[in-house]
Protein chains: 2
Amino acid sequence: MDMNHALDALAALGQKTRLEVFRLLVKAGTDGMHAGEIAEALNVRQNTMSANLAVLLRAGLVRNEREGRTIRYVADMEGIRGLLAFLMEDCCGGNPQMCQPVLDALACEC
Amino acid sequence: MDMNHALDALAALGQKTRLEVFRLLVKAGTDGMHAGEIAEALNVRQNTMSANLAVLLRAGLVRNEREGRTIRYVADMEGIRGLLAFLMEDCCGGNPQMCQPVLDALACEC
DNA sequence: GATTCATATCCATAAATCTTGATATATCGA
DNA sequence: TCGATATATCAAGATTTATGGATATGAATC
């Protein structure tokens with residue numbers, strides 16, 4: 001993950017509809033959702049959603065796969081992983097206690 | 001952390017200068033840096049940097065503290081913690097294996 | 001209190017972004 | 001092949017955002 005890639009990802013998430021899409025897909029898990037389902041769930045017009053999905057795709061935050069007439073979108077956990085790693089790079093240099101709370105944030109029930 | 005707060009933070013980080021500032025401050029650790037030092041380090045004009053620091057401040061990603069004539073800025077790890085938690089909310093619902101790579105991303109040497 | 005230093009605010013312009021109607025592409029079923 | 005369905009692309013208008021010059025504020029020093 002380089003600076004430009006991270007910027008694409010952060011800018012992609014810094015917009016309401018796209019952040020909602022990403023969170024929806026994170027919750028949807030490995031099954032993801034069809035493009036149409038996403039648009040309907042968030043009450044956004046088809047072409048607007050398509051444009052927003054394209055932004056998330058370019059940013060590496062979601063993947064997609066055609067299934068007949070529909071297209072399934074899935075959160076790309078590898079993409080978000082790279083982003084978080086980039087954000088916290090060198091966080092521990094000299095101050096271990098500084099970033100501990102951040103690590104705890106993701107301590108879910110996995 | 002609610003949606004609007006998360007949007008502020010992500011939009012703040014989705015801009016080159018501000019992302020560089022945040023990473024610089026993460027690396028600087030608990031000591032942080034003076035506003036002028038930051039501007040000089042990143043080769044950005046004083047008033048532009050001041051505006052960008054104000055955005056990061058409003059987004060809860062940095063804190064500041066006046067020290068005589070200068071003002072020290074420090075990364076707000078609690079702010080970034082809340083943001084990451086919001087992004088990954090409910091990530092494990094039914095698919096523990098899905099988010100494990102994300103957790104591993106932050107496994108630094110703390 | 002005048003001057004200097006560090007930072008913030010105001011304002012105008014330029015650039016980027018979002019949304020949307022219209023339309024194109026791709027797939028399926030008849 | 002034709003029509004229907006699902007999604008993507010195009011182009012334009014509206015809104016937002018970033019930058020930088022000028023200036024204001026706040027704090028130290030003399």
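In what follows, chains are A, B, ... by sequence order, proteins preceding strands, each numbered from 1.
Using a 4.5 Å heavy-atom threshold, the side chains of A/N52 and A/V21 count as separate. The closest side-chain heavy-atom distance from A/I80 to A/D76 is not below 4.5 Å. By the 4.5 Å heavy-atom criterion applied to side chains, B/L61 and B/V55 are not counted as neighbours.
Within residues 61-70 of chain A, the residues that have a heavy atom under 4.0 Å from DNA chain C are, in order of number, A/R66, A/G68, A/R69.
Using a cutoff of 4.0 Å between basic side-chain nitrogens and carboxylate oxygens, A/R72 and A/E67 are scored as salt-bridged.
When the C1' atom of C/dA6 is taken as reference, atom CZ of B/R72 falls 14 Å away, rounded to whole Å. In this entry the distance linking CG of B/L10 with P of D/dT17 reads 14 Å, nearest Å.
Judged by the 6.0 Å distance and 45° axis criteria, B/R23 is positioned over the aromatic ring of A/F86. Judged by the 6.0 Å and 45° rule, A/R63 forms no cation-pi pair with A/Y73.
Phosphate proximity of C/dA8 to B/Y73: present, with a side-chain N or O under 4.0 Å from OP1 or OP2.
Consecutive Watson-Crick or G-U pairs involving DNA chain D, each under 3.5 Å on both distances, make up stems of three or more pairs at C:1-30 with D:1-30.
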When you compare the protein's N or O atoms with those of nucleotides 19-23 of chain C, which come within less than 3.5 Å of each other, and at what distance?
unit_1 : atom_1 : unit_2 : atom_2 : d
C/dT19 : OP1    : A/Q15  : NE2    : 3.4
C/dT19 : OP2    : A/Q15  : NE2    : 3.4
C/dT19 : OP2    : A/N52  : ND2    : 3.4
C/dT20 : OP2    : A/T48  : OG1    : 3.3
C/dG21 : OP1    : A/R45  : NH1    : 3.3
C/dG21 : OP2    : A/R45  : NH1    : 2.6
C/dG21 : N7     : A/N47  : ND2    : 2.6
C/dG21 : O6     : A/N47  : ND2    : 2.8
C/dA22 : N6     : A/N47  : ND2    : 3.2

